[in-house]
Amino acid sequence: MTLLIILAVVFGGVAVMVILGEKFGKPLEVKEQQKYSKWITILVFVMLFAALFKFI
């Protein structure tokens with residue numbers, strides 16, 4: 001029962017974020033998207049290597 005409550009709260013929170021993001025969010029320009037994409041790719045690889053070293 002507790003798991004269902006947690007899942008309902010998580011899905012409710014995601015629904016609120018989507019609704020507010022669509023209402024108040026502004027589209028990113030291409031330059032901003034490219035900048036964020038570059039940083040996210042670097043951060044993902046850093047996290048993968050950190051997890052690999054933690055596993056070893």
Side-chain angles (χ1 to χ4, degrees):
M1 187 65 182
T2 305
L3 179 60
L4 293 176
I5 294 171
I6 293 171
L7 285 173
V9 169
V10 168
F11 284 121
V14 170
V16 168
M17 287 190 309
V18 167
I19 291 169
L20 292 177
E22 287 178 351
K23 188 171 184 177
F24 297 111
K26 62 174 182 146
L28 290 176
E29 295 191 19
V30 176
K31 236 179 200 181
E32 271 186 298
Q33 280 182 336
Q34 289 173 345
K35 181 176 72 172
Y36 288 140
S37 174
K38 184 178 103 175
W39 277 105
I40 288 174
T41 305
I42 291 169
L43 290 175
V44 166
F45 278 111
V46 167
M47 292 301 293
L48 284 173
F49 282 119
L52 178 67
F53 288 131
K54 184 179 178 183
F55 182 71
I56 293 174

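Just so we're clear, the structure is a prediction, and the values are computed from it rather than from any experiment. Keep in mind that the numbers below use all heavy atoms, side chains included, and drop hydrogens, waters and symmetry copies.
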Peer 1: Look up atom OG1 in T2 and atom CG in L7, then write down how far apart they are to the nearest 0.5 Å.
Peer 2: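 T2 atom OG1 to L7 atom CG measures 11.0 Å (nearest 0.5 Å).
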Peer 1: Exactly one of L20, V18, V14 should register a side chain to side chain contact (heavy atoms under 4.5 Å, CB included) with V16. Which one does?
Peer 2: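 Result: among L20, V18, V14, L20 is the only option passing the side chain to side chain contact (heavy atoms under 4.5 Å, CB included) with V16.
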Peer 1: Please test I56 against L52 for side chain to side chain contact (heavy atoms under 4.5 Å, CB included), starting from the C-alpha separation and ending with a verdict.
Peer 2: CA-CA 6 Å; I56 293 174; L52 178 67; 4.2 Å; yes
Peer 1: Measure the spacing between NZ of K38 and CD1 of I42 and express it to the nearest 0.5 Å.
Peer 2: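 Those atoms lie 6.0 Å apart.
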Peer 1: So does E32 have more than 12 non-hydrogen atoms from other groups sitting under 6.0 Å from CD?
Peer 2: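 Yes, because the 6.0 Å sphere around CD of E32 holds more than 12 heavy atoms from other groups.
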Peer 1: So V44 and I40, do their side chains get closer than 4.5 Å, heavy atoms only?
Peer 2: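 When only atoms from C-beta onward are counted, V44 and I40 do touch, with a gap below 4.5 Å.
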